[in-house]
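What follows is a set of notes on a single structure, which appears directly below.
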There are 2 protein chains.
Amino acid sequence: MGFNHLTPEPITIADRLFQELRRAILGGELPPGKKISEPELANQYNVSRGSLREAISKLENCNLVTRKPNIGARVVGFSTKQLMEIYQIREAMEGMAARLAAENMSNEQLAHLNSLVEHNKTAVTTQDPYATPTSVHYDADLDFHFCIIQGCNNERLQRMLYVDLYDLVRFYRFRLNPRFSEQALSEHELIASALNNRDGEMAELLMRHHIRASRARAQHHLLAIPPDEIE
Amino acid sequence: MGFNHLTPEPITIADRLFQELRRAILGGELPPGKKISEPELANQYNVSRGSLREAISKLENCNLVTRKPNIGARVVGFSTKQLMEIYQIREAMEGMAARLAAENMSNEQLAHLNSLVEHNKTAVTTQDPYATPTSVHYDADLDFHFCIIQGCNNERLQRMLYVDLYDLVRFYRFRLNPRFSEQALSEHELIASALNNRDGEMAELLMRHHIRASRARAQHHLLAIPPDEIE
DNA sequence: AGCTTGAAAATTGTCGACATTGTACTTGAA
DNA sequence: TTCAAGTACAATGTCGACAATTTTCAAGCT
């Protein structure tokens, strides 16, 4: 699973801890809403509580845990409302990112994006049995969005999407485990073609439509799940 | 100056430190790019380095300082490029916030917004000598945007704007000290009227236009400043 | 003079112990 | 039996000291 985005080398102990805990949360070992016990985890990972607290602080930045003074930290909770909120934010921010990418993306980045779309298309049509939705399509969708974000030439927008939002996206995606619809694929193709034409206005429109549609698909998918499994 | 947004009571020492340092950075006591010396500040505020480090961590969340492993923290730097990036992000996020506010804002919130606009209009037309641009108009603009954000009914969008972006906005605004143009006021009126009509589409369009225009005004204003005062 | 090397000083990272706050349980009375 | 208060326990907040790394600066060489 694509955990190694923007995490170069763990220099310090707190950094290493942060990455391991992040992985544990995104991978489901630490369930949503679980209390994070400082003494327990410090013991488990053989580090001091100070370093652990710094790691928790970083997790708070990614919105993967929430802390209350004198009470402690918990893994972020799962809620349909929050998921819908995230889609709204992505619609706005990634729409802008697509517009900027159309204007600023390098030709190399564009070529990479096209190869992603192409590769994904063949993977879907050939119905490779090993290309399960949880492995291939999954990361393919993420990679598509990451590639565009990377081309937007706005460092702060990139950082906000990467560290403030996309860990939450992964958090929900792992738990919802959505089938990657073929409709989403064709939406990707449309966006890519707008980017190839360097049409920022169109790219923003199509990206917003794509994310709104994804939100609707997720909502529809949620209705089919027994309510007791959610939240 | 409006520093007391979303800062209820300093429960813990680290919280208090965070607020004081935040104020120091936004108020200009700690200049952009200044190295943050842990021993020095810990001594100055009579706290342990541990608490100070936690406060610095919180400042990092607000994007007011940047930290590098084994090197230390610095107050965020001033750069025209970054300011323009922030305007682009605000255009996307606050545009969405305006759309959502049109749909979800309570009548009380709407009334408050109207009173803000009205009060601001009279303050401008009467040319009250005490209503200097740095005190009244200043916070008036911030309050206007905050009021709309508060009405958008998307908690995460609110938090992202408040904690991740608006401290940076204050950071730049304090240093640029822009004259509040009458054009901006009329743009506010237009946005308010769209919100009164509960027209989300129009509210988003007008908000985006307003922020894009503000960005152009800021850029124009920057060109009139000797380059050595910037960065 | 300018550059490289090396040691000394300062700064950041890490740790364990103490203080303070929250929590759970027991005990007692209505 | 149920609720309240108090006590004991556990978790978080805070601190000072030690270890590892970076920076500084002075000596030596080309």
Side-chain angles (χ1 to χ4, degrees), chain A residues 6-25 29-77 163, chain B residues 6-25 29-77 163:
Chain A
L6 222 58
T7 54
E9 337 93 67
I11 306 278
T12 175
I13 291 184
D15 271 335
R16 179 176 57 78
L17 250 184
F18 162 66
Q19 291 185 212
E20 296 197 27
L21 289 176
R22 189 174 92 107
R23 184 183 184 88
I25 294 176
E29 298 167 39
L30 290 175
K34 169 154 180 104
K35 174 86 190 296
I36 292 186
S37 166
E38 293 184 7
E40 183 184 332
L41 283 185
N43 225 309
Q44 182 175 331
Y45 286 93
N46 269 38
V47 295
S48 95
R49 264 185 59 225
S51 302
L52 176 65
R53 280 168 71 85
E54 186 149 344
I56 294 177
S57 217
K58 289 175 188 290
L59 289 173
E60 204 183 2
N61 286 29
C62 309
N63 297 309
L64 289 179
V65 310
T66 57
R67 271 177 82 184
K68 288 180 187 172
N70 281 322
I71 290 186
R74 306 190 87 88
V75 178
V76 68
V163 326
Chain B
L6 222 59
T7 53
E9 337 95 64
I11 306 279
T12 174
I13 291 184
D15 271 336
R16 180 175 58 78
L17 251 184
F18 162 67
Q19 292 185 210
E20 295 199 28
L21 289 176
R22 190 174 92 106
R23 187 185 182 88
I25 294 176
E29 298 167 39
L30 290 174
K34 169 154 181 108
K35 174 86 191 298
I36 292 186
S37 166
E38 292 184 6
E40 184 184 331
L41 282 184
N43 225 308
Q44 182 175 332
Y45 286 94
N46 269 39
V47 296
S48 95
R49 263 185 59 225
S51 302
L52 176 65
R53 282 168 69 85
E54 185 148 345
I56 293 177
S57 216
K58 289 175 188 291
L59 288 173
E60 205 184 1
N61 285 33
C62 310
N63 296 309
L64 288 180
V65 310
T66 57
R67 271 176 83 183
K68 288 179 186 172
N70 280 321
I71 290 185
R74 306 190 87 88
V75 178
V76 68
V163 325

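Throughout, a chain's letter reflects where its sequence line sits, starting with A, and its residues are numbered from 1.
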Indicate yes or no: at least one non-hydrogen side-chain atom of A/Ile36 is less than 4.5 angstrom from one of A/Leu41. yes
DNA chain C: A/Ala14 or A/Arg49, which has the more 5' nearest nucleotide? A/Ala14
So, is A/Ser51 near the phosphate of C/dC15, with a side-chain N or O under 4.0 Å from OP1 or OP2? yes
To the nearest angstrom, the CG-P distance between B/Asp15 and D/dG13 comes to 9 Å
Here's a test of your reading of the structure: between A/Glu54 and A/Pro69, which maps to the more 5' nucleotide of DNA chain C? A/Glu54
Separation of C/dA19 P from A/Glu38 CD (nearest whole Å): 19 Å
How long is the line joining CZ of B/Arg53 and P of D/dG13, in whole Å? 16 Å
Mind calculating the distance between CG (B/Asn43) and P (C/dT11) to the nearest angstrom? 11 Å
Rounded to whole Å, how long is the line connecting atom CD1 of A/Ile71 with atom P of D/dG13? 10 Å
Closest to the side chain of B/Ile13, out of C/dT14, D/dC15, C/dT23, is D/dC15
When rounded to whole Å, the NZ to P distance for the pair A/Lys68 and D/dA11 reads 18 Å
Is there a donor-acceptor pair under 3.5 Å between the side chain of B/Arg67 and the backbone N or O of B/Ala73? no
Between P on C/dG22 and CD1 on B/Ile11, what's the gap in Å once rounded to a whole number? 8 Å
Look at all strands and tell whether B/Ile36 reaches a base, only sugar-phosphate, or nothing, counting heavy atoms closer than 4.0 Å. sugar-phosphate
At under 4.0 Å, does any side-chain N or O of B/Arg67 touch on OP1 or OP2 of C/dG13? yes
Distance test, side-chain N/O of A/Lys35 to OP1/OP2 of D/dT12, below 4.0 Å: yes
Among B/Leu21, B/Ile13, B/Leu52, whose side chain to side chain contact (heavy atoms under 4.5 Å, CB included) with B/Tyr45 holds? B/Leu21
How close or far is atom P of C/dT14 from atom CG of B/Leu52, stated in whole angstroms? 16 Å
For B/Pro32 and B/Val75 the tightest heavy-atom approach is CA-CG1, 3.9 Å
Ignoring backbone atoms, establish whether B/Ser48 has a side-chain N or O less than 4.0 Å from OP1 or OP2 of D/dT14. no
Select one nucleotide: of D/dT12, D/dC15, D/dT21, the one nearest the side-chain heavy atoms of B/Asn70. D/dT21
Look at the side chain of B/Thr12 and decide which nucleotide, out of D/dT14, C/dC15, C/dT12, has an atom nearest to it. D/dT14
Would you confirm whether A/Arg74, through its side chain, and A/Gly33, through its main-chain N or O, come within 3.5 Å as a donor-acceptor pair? yes
